[in-house]
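As a basis for the values below, the full set of heavy atoms in this structure was taken, side chains included, without hydrogen atoms, waters or symmetry mates. Whatever order the structure lists ligands and atoms in, that order sets their numbers, starting from 1.
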Amino acid sequence: MFRIRINNDEKSPMPLKFYNSLSRQIEPFVPLHQDAVRLYTCGPTVYNYAHIGNFRAYVFEDLLRRTLKYCGYRVIQAMNLTDVDDKTIRGARAAGQSLDEFTKLFKRAFFEDIKTLRIEPAEHYPAATEHLPEMIELIQRLLDRGVAYRADDGSVYFSIGRYPQYGRLTKIKPEDMRSTGRVRNDEYAKEAVADFALWKAYQEEDGAICWDSPWGRGRPGWHIECSAMSMKYLSPSFDIHTGGIDNMFPHHEDEIAQSEAATGQPFARYWLHCAHLVVDGQKMSKSLGNFFTLRDLLEQGLTGREIRYVLLGGHYRQSLNFSLQSARDARAALQRLDDFAARLRQLPNSTETDAPGIVQPLLERAETQFRQALEDDLNMAEALAALFSLIRDVNRQIDQQTLARPAADATLALLREFDRVLAVLDLDREPAVPAEIESLAEARQEARRQRDFAQADAIRDRLLAEGWLIEDTPAGPRLKPAN
Ligand code: AMP
Ligand code: ZN
């Protein structure tokens, strides 16, 4: 009787629109290949625990991935692990550990954290240190094509002057770069001049951390990692590249320049950037010291799903202010979702049917609004609004006793569908039964065995007064919260 449109028909994915930072416009999304969408997401630098600003970016990317899947696409995602750069080298040396030992801890922590935040794993997590041959080969190609040069100290630089197409993403003109302070001031740009390092010659501060190359000992620059690994796992041209807005310049601009200069083919076709997570109007960052790690917040009693809910809320292109109030709001919203699901689960089996035609249109409307909101450049505020109006409308039907079991099941099925994207509902979790309630239920069983039905009924009433319903099933009595 109840029909929910399930959107996993791989042959006819739904129309999606994204704001492409490259064109600065909302564009319809058309993938390059039928088989899968290829998605590259800049990953963590594993020198410390990631902060929840970083996780805003990773949760946004998870929302993107899950939305693509919800809309019927298969996704191949690669996320790099930056396990060699200035910060990791400094950290390893300060800890007196090898680079591998030092970064291993933070790689493990990262995977634990993304699990806590219910972030779906990517297909590939390439680590920079395992892709030196690919990076060296790419740098060699840039040298062969004349857009890179070798400096006296053995470093190799990309020459922006020899690559007039530079600036496709941020519309920065190569000739303007030398005169602006932007390059110098950017936290990721280690070079004071516009040319950026592809290979950094060995310095004493690097200790034992170096690799051999045709240009002598050294290590790769940061930008080349992402070009080499994205092209290896996703091919030279792929669909979507994402990151936080701070990665746009110079990191993503440099990735485009070195990839396209090497292959002569367009690199990523759609660039999606999330705005920052801010605290008191400032970007949350390690350098400002205004950050919380996920672990800090868990210690303060928040849960992974509450933090996920905060990070999901709002539009990804708008900055999101993190506060304890937003965490409290998330808790209240999730409680509302849990209560609603529990109410639906607990609706008794009955032979009555709903007032015909009431619930089905509510479900269809909610499904359409939710889907259209996601299709519209991942409009999460609208998607959540669709969910919460469904809750309000269906609750009204429950209050009026016009919702029967089949409609409750159809509503639960729709929630399950929504949760493929949201991943914040705990639809199958029965609440824990307190020990004293368990023993009261056992006492009632005992009274029934003794055929003391008056006592059994009295205990049942007491359980009800404590907020628990006892249901006798063929498998024995079952406790459920009496909402
Ligand atoms: P990093 O480890 O600094 O390279 O950052 C990893 C990812 O987190 C990148 O996509 C950054 O753009 C992103 N990121 C860093 N700080 C924030 C922030 N406060 N809000 C949102 N994204 C951020
Ligand atoms: Zn990157």
Side-chain angles (χ1 to χ4, degrees), residues 21 39-64 77-88 91 103 106-107 109-110 113-114 117 119 122 124-128 131 135 169 186-190 196 220-234 238 240-259 267-268 271-294 307 310-322:
S21 305
L39 166 68
Y40 188 79
T41 50
C42 287
T45 307
V46 281
Y47 73 110
N48 206 329
Y49 297 104
H51 61 67
I52 57 157
N54 301 129
F55 285 116
R56 181 190 197 191
Y58 307 139
V59 167
F60 143 67
E61 287 151 359
D62 186 54
L63 166 66
L64 171 63
Q77 180 188 358
M79 177 182 269
N80 68 303
L81 302 171
T82 300
D83 59 354
V84 54
D85 77 331
D86 291 347
K87 296 174 203 164
T88 41
T103 57
F106 298 111
K107 286 180 189 168
F110 173 72
D113 287 355
I114 60 171
L117 288 173
I119 291 174
H124 305 283
Y125 287 104
H131 293 80
M135 294 182 222
L169 181 63
D186 192 280
E187 68 185 271
Y188 289 119
K190 311 298 183 303
F196 59 89
W222 173 41
H223 313 308
I224 200 75
E225 286 182 17
C226 284
S227 287
M229 297 195 281
S230 59
M231 294 200 287
K232 169 165 181 178
Y233 290 95
L234 306 177
F238 59 92
I240 311 179
H241 194 312
T242 67
I245 193 90
D246 58 317
N247 275 174
M248 220 165 142
F249 185 83
H251 184 49
H252 291 163
E253 196 69 87
D254 292 351
E255 272 188 56
I256 295 175
Q258 61 202 2
S259 309
F267 185 50
W271 288 82
L272 272 64
H273 292 100
C274 75
H276 283 146
L277 185 78
V278 297
V279 187
D280 299 327
Q282 276 192 306
K283 176 193 169 193
M284 180 176 284
S285 75
K286 300 239 166 75
S287 51
L288 290 172
N290 62 347
F291 67 93
F292 300 109
T293 64
L294 180 64
I307 299 163
V310 174
L311 297 178
L312 265 183
H315 196 280
Y316 75 92
R317 284 194 286 119
Q318 281 164 8
S319 56
L320 180 71
N321 191 46
F322 184 81

Review point. Quick check: does Pro44 get an N/O under 3.5 Å from an N/O on ligand 1?
Key: no

Practice item. Work out how many protein N, O or S atoms lie closer to the Zn ion (ligand 2) than 2.8 Å. Key: 3

Check your understanding: At a 4.0 Å cut-off, with the gap strictly under it, does some heavy atom of Phe291 reach an atom of ligand 1?
Key -> no

Review point. When only distance counts, is Gly53 in polar contact with ligand 1, meaning an N/O pair under 3.5 Å?
Key: yes

Check your understanding: Can you tell me if His51 has a non-hydrogen atom under 4.0 Å from ligand 1?
Key -> yes

Practice item. Give, for atom SG of Cys274 and atom CG of Leu320, the distance between the pair rounded to the nearest 0.5 Å. Key: 9.5 Å

**Study point:** Side-chain heavy-atom pair Phe60, Leu272 within 4.5 angstrom cut-off
**Key:** yes

Practice item. May I ask you to check if ligand 1 and Asp246 share an N or O to N or O distance below 3.5 Å? Key: yes

Exercise for review: Check whether any side-chain heavy atom of Met284 lies under 4.5 Å from a side-chain heavy atom of Arg56, and answer yes or no.
Suggested key: no

Revision key, fill the gap. Between the CZ atom in Phe55 and the OG1 atom in Thr293, the distance rounded to the nearest 0.5 Å is 8.5 Å

Check your understanding: What atoms of ligand 1 come within less than 4.0 Å of a heavy atom belonging to Gly243?
Key -> 10 (O)

Practice item. Heavy-atom contacts with Thr45 under 4.0 Å: which atoms of ligand 1 show up? List them by number with element. Key: 2 (O), 4 (O)

Exercise for review: For residues Ser21 and His252, determine if any side-chain heavy atom of one lies less than 4.5 Å from a side-chain heavy atom of the other.
Suggested key: no

Practice item. Mark up the atoms of ligand 1 that fall under 4.0 Å of a heavy atom belonging to Leu277, in ascending order. Key: 18 (C), 19 (N), 20 (N), 21 (C)

Check your understanding: Could you go step by step and tell me if Tyr233 and His131 meet the ring-ring contact (aromatic ring centres under 6.0 Å, His included) rule?
Key -> CA-CA 11 Å; Tyr233 290 95; His131 293 80; 5.5 Å; yes

Check your understanding: Are Lys232 and Pro126 close enough that some pair of their side-chain heavy atoms sits under 4.5 Å apart?
Key -> no

Review point. Which atoms from ligand 1 have a heavy atom of Met284 less than 4.0 Å away?
Key: 16 (N), 18 (C), 19 (N)

Exercise for review: Flag Asn54 as yes when one of its N or O atoms lies below 3.5 Å from any N or O atom of ligand 1, and as no otherwise.
Suggested key: yes

Review point. Is there a side-chain contact (heavy atoms from CB on, under 4.5 Å) between Lys87 and Lys286 once you walk through the steps?
Key: CA-CA 12 Å; Lys87 296 174 203 164; Lys286 300 239 166 75; over 6 Å; no

Check your understanding: Heavy-atom distance under 4.5 Å between the side chains of Thr82 and Thr88, does that happen here?
Key -> no

Check your understanding: Going by the order shown, which atoms of ligand 1 are within less than 4.0 Å of some heavy atom of Ala275?
Key -> 21 (C)

Check your understanding: Does an N or O from Gly244, backbone or side chain, lie closer than 3.5 Å to an N or O of ligand 1?
Key -> yes

Review point. Would Phe238 and Phe267 count as a close aromatic pair, with their ring centres under 6.0 Å?
Key: yes

Point to revise | Parallel, tilted or perpendicular: ring planes of Tyr125 versus Phe110, cut at 30 and 60 degrees | key: perpendicular

Point to revise | Pair Ser319, Asn321: side-chain N/O donor-acceptor within cut-off below 3.5 Å | key: no

Check your understanding: If you count the atoms of ligand 1 from 1 in the order shown, which ones are under 4.0 Å from a heavy atom of Asn247?
Key -> 9 (C), 10 (O), 11 (C), 12 (O)

